Amino acid sequence: MVFKALVLASLVLNAVAVSTPRAADPLATVALAAPDGSIKANFMAWGATTTNLWVKDKNGKFRDVLLGWDNHTLYQTQADGHPYFAPVVGRYANRIRNGTFTIPISKDASGPGKKFQIVENENNGTDTLHGGLIGYDARAWSTIKQSASSVTFQLVDPAGFQGFPGEVTTEVTYTLENKSQWKISMHSTATELTPIMLSGHHYWNLEAYEESQDLNSHIVQAEASRWVATNGLLIPTGKLNSVEGTPLDFRKPKSLGLSINATAALGNCGTGCVGFDNAWVYDRPNCGESVFSIWSTNSGIKLDVTTDQIALQIYSCNGIFNPDLPIPRKADQGGPDVFYQDHSCVVIEQESIIDAINNPEFGVNQIYGPHRSYNWESTYAFSVLK
Ligand SMILES: *[C@@H]1O[C@H](CO)[C@@H](O)[C@H](O)[C@H]1NC(C)=O
Ligand SMILES: *[C@@H]1O[C@H](CO)[C@@H](O)[C@H](O)[C@H]1NC(C)=O
Ligand SMILES: *[C@@H]1O[C@H](CO)[C@@H](O)[C@H](O)[C@H]1NC(C)=O
Ligand SMILES: *[C@@H]1O[C@H](CO)[C@@H](O)[C@H](O)[C@H]1NC(C)=O
Ligand SMILES: CC(=O)N[C@H]1CO[C@H](CO)[C@@H](O)[C@@H]1O
């Protein structure tokens, strides 16, 4: 009986495959809304990307609070630069020192384990950023499930591609729920031992550039008293430093924009950089409550994040403006005749501790495989300031 049912199912699948031979366009818009209409968003299979996210401001008017391109082709061609506008980044988010690691892991890949070399796509080919030259952001995912408020994209990442061991299959589900909640869940399985670290790389401006062009009225609160120390190229050294007495202390709410200039003396975002491009370690990991909040006192839009991830990355768009290749803003954000400027937006990533595969002292196991699958869950809850 089981055999018969399988044969029948495969006949039906073949019939479907034959009658619809065209591959779905990965750049096509998938438009979703929560059942109560409180939040709306557009997605596409390319990079499992979120291209727009509309939430209501203090006057009940929808604003698109995510940066991106109106022309979806630009996500694929990267002709306007490669900022990683709201995709899933992987197989290993952020930087890998020298693009190398060993399994089992060792300090700076110096140990006796099997050594892997990943394609180095940053700093003149001296480290790996977001999974190599062709990361998860630059692949055509498949849409495997869709409803009016939810979509699931799937990616099969072949063994050896970009240098990573084992085939990794990832499913990412985006769901819009009542009361302006956005749930994101990621799940991966691997056929061999491999590092996995995924994240959502969303650029936010909670004013949609209406009241101001800076982050001075964006207030941040993060339950994190340690940050990951890095060298001038933003590669972790293995130390976790205290935020006490530094511009990185957001334990009490403070303005993000008005904190930027004070970073110049600390040098926390790399050689010659002013701003934030740092990872923090949460004080209460996976506690089931909001551990990160950001809001605009102008639009009144507030975002609270609940996550099972143990760390957070904040990038204050320190280098988004390239005079040779300025990125036009979306029409929803005043474009296309004006451009995205430095320190006018913020990337917020829920993640694990960056480059823990080269820093055993962090004590984080980021090696997954046939007996250990990978999970990432976060809820982004929006509300309006009272
Ligand atoms: C969400 O809101 C819709 C429309 O208001 C309502 O019909 C539905 O029951 C709500 N769903 C949940 C889970 O509360
Ligand atoms: C989108 O960008 C592509 C690549 O630059 C270009 O060929 C195309 O004409 C653009 N489409 C629109 C509608 O502007
Ligand atoms: C990359 O190479 C260029 C040209 O040699 C040099 O100017 C630049 O400083 C190098 N960048 C890094 C991060 O090493
Ligand atoms: C930060 O420094 C820049 C460059 O010197 C200056 O234009 C800006 O006004 C300063 N911002 C604040 C909030 O002081
Ligand atoms: C072996 C090797 O290439 N080591 C390099 C790793 O990267 C650092 C900078 O992050 C270089 O200083 C090393 O030479």
Side-chain angles (χ1 to χ4, degrees), residues 25-29 42 44 46-47 49 51-52 67-83 85 94-100 119-130 132-133 137-138 140 205 207 211-220 230-237 246-250 253-277 296-298 314-333 335-346 355:
D25 176 7
L27 300 180
T29 297
N42 287 351
M44 61 178 180
W46 184 261
T49 300
T51 59
N52 310 77
L67 275 69
W69 282 291
D70 283 326
N71 183 345
H72 289 189
T73 306
L74 296 169
Y75 288 88
Q76 195 169 33
T77 61
Q78 298 174 8
D80 257 12
H82 190 186
F85 275 145
N94 206 272
R95 295 176 176 81
I96 303 175
R97 177 181 286 263
N98 296 325
T100 59
V119 174
E120 291 167 294
N121 59 324
E122 200 190 32
N123 293 319
N124 296 337
T126 58
D127 68 79
T128 299
L129 177 67
H130 296 326
L133 199 56
D137 64 290
N205 181 299
E207 300 174 5
E211 289 90 351
S212 79
Q213 314 303 316
D214 57 41
L215 294 170
N216 292 358
S217 300
H218 276 70
I219 314 297
V220 166
T230 55
N231 69 13
L233 294 179
L234 294 173
I235 311 288
T237 61
T246 75
L248 283 78
D249 190 349
F250 288 97
K254 66 174 176 134
S255 161
L256 185 58
L258 295 175
S259 305
I260 282 175
N261 283 355
T263 63
L266 189 62
N268 54 290
C269 70
T271 305
C273 171
V274 178
F276 299 96
D277 194 355
S296 161
T297 53
N298 286 331
I314 297 180
Y315 167 61
S316 54
C317 292
N318 313 317
I320 195 174
F321 182 75
N322 172 354
D324 298 329
L325 214 57
I327 301 176
R329 286 196 224 150
K330 294 198 277 194
D332 268 357
Q333 299 179 338
D337 298 327
V338 283
F339 303 105
Y340 290 125
Q341 299 288 345
D342 286 356
H343 301 153
S344 74
C345 45
V346 56
D355 205 21

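Counting starts at 1 for both ligands and their atoms, following the listed order. Everything numeric in this text was worked out from a predicted model, so none of it was measured.
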- [ ] Establish whether atom 11 (N) of ligand 3 and some protein heavy atom are separated by less than 4.0 angstrom.
- [x] yes
Open item on the list: Less than 4.0 Å from atom 7 (O) of ligand 3, is there any heavy atom belonging to the protein?
Closed with: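 No, there is none.
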Side chains of [X] and [Y]: closer than 4.5 Å at any heavy-atom pair?
X: Ser217; Y: Glu211; result: no
X: Arg329; Y: Phe339; result: no
X: His130; Y: Arg95; result: no

Look at [atom] and say which protein heavy atom is nearest, naming residue and atom and giving the distance to 0.1 Å.
atom: atom 4 (C) of ligand 2; value: Thr73 CG2, 3.9 Å
atom: atom 14 (O) of ligand 2; value: Asn71 ND2, 3.5 Å
atom: atom 1 (C) of ligand 4; value: Asn261 ND2, 1.5 Å
atom: atom 13 (C) of ligand 4; value: Leu258 CD2, 3.5 Å
atom: atom 5 (O) of ligand 2; value: Leu74 CD2, 3.9 Å

Open item on the list: Check this for me - ligand 3, Asn124, N or O atoms closer than 3.5 angstrom, yes or no?
Closed with: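 Yes; the residue has a nitrogen or oxygen that sits under 3.5 Å from a nitrogen or oxygen of the ligand.
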Open item on the list: Once rounded to the nearest 0.5 Å, what's the spacing between atom OG of Ser296 and atom CG of Asn205?
Closed with: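 Ser296 atom OG to Asn205 atom CG measures 7.5 Å (nearest 0.5 Å).
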Open item on the list: Can you tell me how far apart CG (Asn268) and CG (Asp277) are? Round to the nearest 0.5 Å.
Closed with: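 If I round to the nearest 0.5 Å, the distance is 9.0 Å.
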Open item on the list: Can a donor-acceptor pair be found, under 3.5 Å and without considering hydrogens, that links the side chain of Asn231 to the backbone of Ile235?
Closed with: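 Checking the backbone N and O of Ile235 against the side chain of Asn231, a donor-acceptor pair under 3.5 Å is found.
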